[in-house]
Structure formats: C-alpha cells, structure tokens
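Structure record follows, encoded as structure tokens.
Worth knowing before you read on, the calculation uses all heavy atoms, side chains too, and leaves out hydrogens, waters and symmetry mates.
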Amino acid sequence: MNCEPETFNRSALEVARELIGAELTLNGIGGIVVETEAYDLEDPASHSFRGETPRNRSMFGHSGHAYVYRSYGIHWCLNVVCRPGSAVLIRALEPVWGLAQMQERRGQVEARLLCSGPGRLCQALGIGREHDGLSLFQPPFRLAMPSTISEIAIGPRIGISKAVDMPWRFGLVGSAHLSRRFPSTSTPADAPS
DNA sequence: TAAAAGATTTCCT
DNA sequence: GGAAATCTTTTAT
C-alpha cells in the first residue's frame, strides 16, 4: 500500500510528529522511526533558510522524497521533504529488520547504538548521496505511516546554533533507541540546584 | 581564491 | 565532560 505522498505537502512540524512510529526501510533493512526534527523554510537553523542552493535543491523538490546531505564531512543525514523548503530530519530508528547487516556496517553489536542518531542510522541502512532526491514510497525505500497513535515527547533540537529554543524535536516516549534523552518537562521537584 | 561553519560521532582524560 | 576527526558547501575577499 502506498500512503499518498501528498500527505507530506504540509508543515514539517505536523509531519515530524506524525512520523513517530512509522516504518522505514531501505532494501528491506530498517525499523521504526522513534525520533525526528522539523526544519522549516523560515527557520534560521534550516539549510533552506537562505534559499535554494545546489546542496539543498531536494528540499525544494517533491514532498515525500529524500533530502540527503553530508554532515561534518563524515556522516550522511536523511530528511523527508515536506512542503517546499521544509523537511523532517530522521534522527533515530528502533532497529527491526536486517539487524545482522546493520551490525556489519556499523562494526559493533550493541543494538541500542545501531540507529540512535542521524549519522548512525544512515550508516546502518547504507544511505548515501545516491539516495538524495529519491521517493521514500518506492523501492529501494519503503515508508509506512503508523497505524496506532504513540505518546510523543517534545523538546528543543540538537546540535544547532540558531533557533536553539524552538521545541521542534519529537520522540517516542520510553524508547531505548533515542539519540539523547528528552529534558524532563513535568518534574518541577527534581531541580538539583 | 580563501576562509569559516556545520541538523555528528567517537575517543580520550 | 571535552576535543579531535574530516570535508563539503557556502560566503566573503
């Protein structure tokens, strides 16, 4: 079944939240999306903020397609394109399919560290420049939206230097595969200072 | 043509 | 907790 990619032609904030719990695979290898971040056209932290460039052209392309970029000259990061100039960064997966292949690529066995980070999950799934611009709803990719509602954690995004306070990071509550813990929101009595 | 920044991960102290 | 590794893209001169 194909979820219509038109579903993604909306604000990255909405899509980022709805992607928690979705199934994502590349050549049959992948798992459940447990952590995302939204990047908007009018967002100083977004690659698209200063307009279209050769690198970010995919962010202005078809919704439901991939925007893959090189991070710190070392890693690859995968985004799902929403409406033009906005995208959702996939930050972590719960590994489900192709565990052995992931372990081989990552060179380690701890399941918790296979896909818990944007660079890690791209290495585990074998994502690279050749996947930039491809549809996530057609082979070798597969993306299926969640069938049940999950409890969502919300917090500020990670690793950015602009708009650092915007709560545009979403995660699956209780997941052991998050790249980092979310700040505790409703525990006023635990302030150590 | 040169310089700086960057949506990270890993290893060391 | 802190810093190195590593290189592409973008911006400034």
Counting only side-chain nitrogens and oxygens, does [X] get under 4.0 Å of the OP1 or OP2 atom of [N]?
X	N	value
Ser161(A)	dA5(B)	no
Arg106(A)	dT10(B)	yes
Arg120(A)	dT10(B)	yes
His75(A)	dT9(B)	no
Arg91(A)	dT8(B)	yes

With a non-hydrogen cut-off below 4.0 angstrom, is [X] in contact with a base, only sugar-phosphate, or nothing?
X	answer
Arg157(A)	nothing
Ile160(A)	sugar-phosphate
Arg129(A)	sugar-phosphate

Rounded interatomic separation in angstrom, taking [atom1] from [X] and [atom2] from [N]:
X	N	atom1	atom2	answer
Arg105(A)	dT9(B)	CZ	P	17 Å
Asp132(A)	dT8(C)	CG	C1'	13 Å
Ile127(A)	dA7(B)	CD1	C1'	15 Å
Asp43(A)	dG6(B)	CG	C1'	15 Å
Gln123(A)	dT10(B)	CD	C1'	11 Å
Glu35(A)	dT8(B)	CD	C1'	13 Å
Ile74(A)	dA5(C)	CD1	P	10 Å
Arg112(A)	dT9(B)	CZ	C1'	14 Å

- side chain to side chain contact (heavy atoms under 4.5 Å, CB included) with Tyr67(A): of Arg57(A), Arg55(A), His131(A), only one passes, and it is Arg55(A)
- With salt bridge (charged side-chain N to carboxylate O under 4.0 Å, His left out) as the test, would you mind laying out the steps for Arg91(A) and Glu37(A) before giving the verdict? CA-CA 7 Å; Arg91(A) 285 195 57 91; Glu37(A) 280 179 2; 3.7 Å; yes
- Item | Per Arg55(A) side chain, nearest of listed nucleotides dA7(B), dT11(C), dT9(C) |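 Nucleotide nearest to Arg55(A)'s side chain: dT9(C).
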- Under a 4.5 Å side-chain heavy-atom rule over Ile, Leu, Val, Met, Phe, Trp and Tyr, are Leu178(A) and Trp168(A) clustered together? yes
- Query: May Tyr72(A) be described as stacking on the base of dA5(C), applying a 5.5 Å centroid limit and a 30° limit on plane angle?
  - Reply: no
What heavy-atom pair brings [X] and [Y] nearest, and what distance separates the two atoms?
X	Y	result
Asp43(A)	Arg157(A)	OD2-NH1, 2.6 Å
Ser58(A)	Ala66(A)	CB-O, 3.7 Å
Arg70(A)	Ile74(A)	NH1-O, 3.2 Å

- Query: Can you tell me the Watson-Crick or wobble partner of dA7(B), both distances under 3.5 angstrom?
  - Reply: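 None - no nucleotide pairs with dA7(B), as no candidate has both distances under 3.5 Å.
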- Item | Presence of donor-acceptor pair under 3.5 Å, side chain of Tyr69(A) and base of dA7(B) |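 Looking at the base of dA7(B), it does pair with a donor or acceptor on the side chain of Tyr69(A) (distance under 3.5 Å).
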- Item | Residue met sooner reading DNA chain C from 5', once Arg70(A) and Pro54(A) are mapped to nucleotides | Arg70(A)
- Query: Relative to the 5' end of DNA chain C, which residue comes earlier, Gly73(A) or Asn56(A), by the nucleotide with the nearest heavy atom?
  - Reply: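 It is Gly73(A), whose closest nucleotide lies nearer the 5' terminus.
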